[in-house]
Amino acid sequence: MNSNFSQPQRQSLIGVVVMFADTFQGTARALWPFLIVWVWKINQYNKLYIGLAVGGVMLLVAIIAYLKYLNFTFFLDEQNEEFVVRKGILNKSRIAIPLDKIQQVNINQSFIQRLIGVHALEVDTAGSNGKEVSIRAIKESLAVSLKERLLEGVRDAVIDDDEFNSKTSYSRQTINKPFIQISFLSLVKTGITSNYIRSFAVLLAFMITIFQNLEEFINVTGYDDSPLDDYINAEVLLKFITFIIGAIIFLTLIVNLVRTIVRYYNFRITKQQNGLLLSYGLLNTKNTIIRPEKVQVVTVGRNYFQKKFNLNDLKIRQASGTEANDKDQKKTAIEIPGCSENEKNMLLQFLLEKIPEKGVVVKPNLRKIIFESFKLLVIPIGIYFLFAFKIEPSVKDYIIFVPIYGVFAAILIYFAFRNSRLFVSDDFIIKQSGAWDIDNDYIAPHKIQSVSLKQFFWQKGSDVGVVTLHTAGGTISFGLANFTKLNELVNYWLWQVETTDKHWM
Amino acid sequence: MQEPFLNETIDTLQLPKYEGVVLTPLHPSYFKIIIFNIGLVFGLLAIGAGLGFYYLEELNPYRLTITIVYIVILLFTILINVISFKNRGFAFRAHDVIYRSGAIATTTTIIPYNRVQHVAVHEGLLSRKLGLAAVEVFTAGGNSSDIQVPGIDKDQAEKIKYLLMGKINPQQDEQQL
């Protein structure tokens, strides 16, 4: 491609549509509480005024969108080696990103962008929160060549680095040939077997929102009492609860399935010069690059069903430019769902340079069960009883749930204990954890940034404690386990980190 | 002729032990800062409570309870801080820095020098008067992995900073090759 980027240029003209959609979405999001109220009272107003108001807003949005389009330009400053974006209607801003600071360039496509045939190009830099620059509408060919130009600076550095480390660089011939492709069937299997908790949470949040809106609606329409109260008696309630539980299970499955398919449809992994290019999505197509040297933690997760179906979920945590906390790191992890055992091994081989072997096993101390029971059984149930007998007697009605919760929590604690293991070999540290979804976290010792050991004063006598390994992609904790053994391992890992010439990124 | 490649088994028990290192305690003057901080917080609380007792008559029946709770919390805070102060210690080894802290739970954090991103020296208003400084060591592992060692003599803190800078820089030169 020999497109010229040295002159400031605008986005594709048709991108005005995307701008319009973005602005409209922003406006709607800002105004939705008013909109809902208006929708309920729509009959009270004159249709003409509503039409005029809607038309006026639309026109305003359209004008803003067009101005945004006019004022957004980007170009490549060859002399200063910067990528420059100018934007803003009233508040003008000029963002210049030095090429060597660019971490990643992603080309994505949302549903609207797909309809009109343009792509979004996002530039990710070190030391910033979120995407610094995003071009909302650009032709695919232009996007690809711009991406290549933007990454040239980075790539030169990386190749130097690679030669220095005498790694093999992958030839250009392998580009464009899918390395791994996740089939539709695998996605369906993944959809019905995984992420129950997450889908359940989504569903719950959705139901709560609906319920609240319903209540608000009832209040708005002016009923004094909730009309629901009149219909409730014991038998109906029981039937209702059974129905609800059945419906929740069914809906969770459906939500899970749809979510997985929409999100990960046509998941393709292609090898590139120094990394893997992932592209996926049914409505919004996403493209992400994973570079092995940036990978800090790889997690392979599967539950009992997935084991039977030969499926693995991979989560890859890369070093982020920002010093984000652990929760954010987990959110930004890249997921590869539905890999077979074979595909999983190929990916691990590529990302970690070899397939990790499980080495020496470290088991947790039996006190872990006591500690967890205290945390999950004694304290919550204690709080419940305190509440029920001292503060709010009406909570007693739910006492039936106490044994159910107790049994459930006990089973979880037992299985979590049984699955909790740390495997240590010369090249890898593998932490296995989880009660139902069993995760294996893989880290190479030279990715460790620092180590901490924690011990409560009552744990000194019994010689148990917790070890935490900090990496640039999040932390890994293991314990309670024999503290002498952990100390020995920490000394070994420190020795490994301090003598290695491998860099963590 | 190249040197013969050696790859002997490492006896992990022969490796230097971090837990055997004698840690340097914090500067005794730092305890004054801790006491000052506690005094400040509890002094303000006492003033608040005093004003409350004086102006709000509803509080009268609870005077004794509030006073007892206040004293218990004060004593507990002092106890925790004394233990925590005695517990804290740091050591700069040839290849890493060790910092131990905590009262109820003791946490020991170790950062190898070749993973240090940068070093900062902080001086508070009070600590400057006492000639103390805090050394903060940053890694790429996020906030939870960083170490902040308070209560170090100011000259020593500067020396530590240069020591760490010296340890970081040769490595960066290597990277640029």
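Chain A is the first sequence line, chain B the second, and so forth, proteins listed ahead of strands; every chain is numbered from 1. Treat the numbers as computed from the prediction; the structure is a model and nothing was measured.
Within a 6.0 Å radius of CD in A:E357, other residues, nucleotides and ligands contribute 12 heavy atoms or fewer. Counting heavy-atom neighbours within 6.0 Å of B:K17 NZ, excluding the residue itself, gives a total of 12 or less. Shown here is A:F374, whose CZ atom has no more than 12 heavy atoms of other residues, nucleotides or ligands within 6.0 Å. In B:K159, the NZ atom is not crowded: 12 or fewer heavy atoms of neighbouring residues, nucleotides or ligands sit closer than 6.0 Å. The local environment of CD in B:E158 is crowded, with over 12 non-hydrogen atoms from other residues, nucleotides or ligands closer than 6.0 Å.
Within the 4.5 angstrom heavy-atom criterion, no atom of A:V466 approaches chain B. Interface remark: A:W504 contributes backbone and side-chain atoms alike to the contact with chain B (heavy atom separation under 4.5 Å). Both the backbone and the side chain of B:I104 come within less than 4.5 Å of a heavy atom of chain A. Contacts between A:L453 and chain B at a heavy-atom distance below 4.5 Å involve backbone atoms as well as side-chain atoms.
Counting only heavy atoms from C-beta outward, the side chains of B:I110 and A:V490 approach each other to under 4.5 Å. Between A:T475 and B:S144 the shortest side-chain heavy-atom distance falls below 4.5 Å. For the pair B:T108/A:S452, no side-chain contact is recorded, criterion being any heavy-atom separation below 4.5 Å from C-beta on.
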Taking distance alone, no hydrogens or angles, what donor-acceptor pairs closer than 3.5 Å link side-chain atoms of residues 76-98 of chain B to residues at least two apart or in another chain?
residue : atom : partner : partner atom : Å
B:T77   : OG1  : B:I73   : O            : 2.6
B:N81   : ND2  : B:T77   : O            : 2.8
B:S84   : OG   : B:R88   : NE           : 3.4
B:N87   : ND2  : B:G102  : O            : 2.9
B:R93   : NE   : B:D96   : OD1          : 2.7
B:R93   : NH2  : B:D96   : OD1          : 3.4
B:R93   : NH2  : B:D96   : OD2          : 2.9

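Here the side chain of B:N114 pairs a donor or acceptor atom with the backbone of A:V497 at under 3.5 angstrom. A donor-acceptor pair under 3.5 Å links the side-chain atoms of B:R115 to the main chain of A:I448, judged by distance alone.
Residues A:Q449 and B:G141 share a closest heavy-atom pair of CG-N, 3.7 Å. What you find for B:A105 and A:K454 is that their closest heavy atoms are CB-CE, 3.8 Å. When all heavy atoms of A:S450 and B:P112 are compared, the pair lying nearest together is CA-CD, 4.4 Å.
The candidate with the highest count of non-hydrogen atom pairs below 4.5 Å against chain B, out of A:N487, A:T468, A:T499, A:D426, is A:N487. Contacts with chain A were tallied for B:T106, B:I147, B:T107; B:T106 has the most, counting heavy-atom pairs under 4.5 Å.
For residues 18-25 of chain B, heavy-atom neighbours of chain A at less than 4.5 Å comprise B:Y18, B:E19, sorted by residue number.
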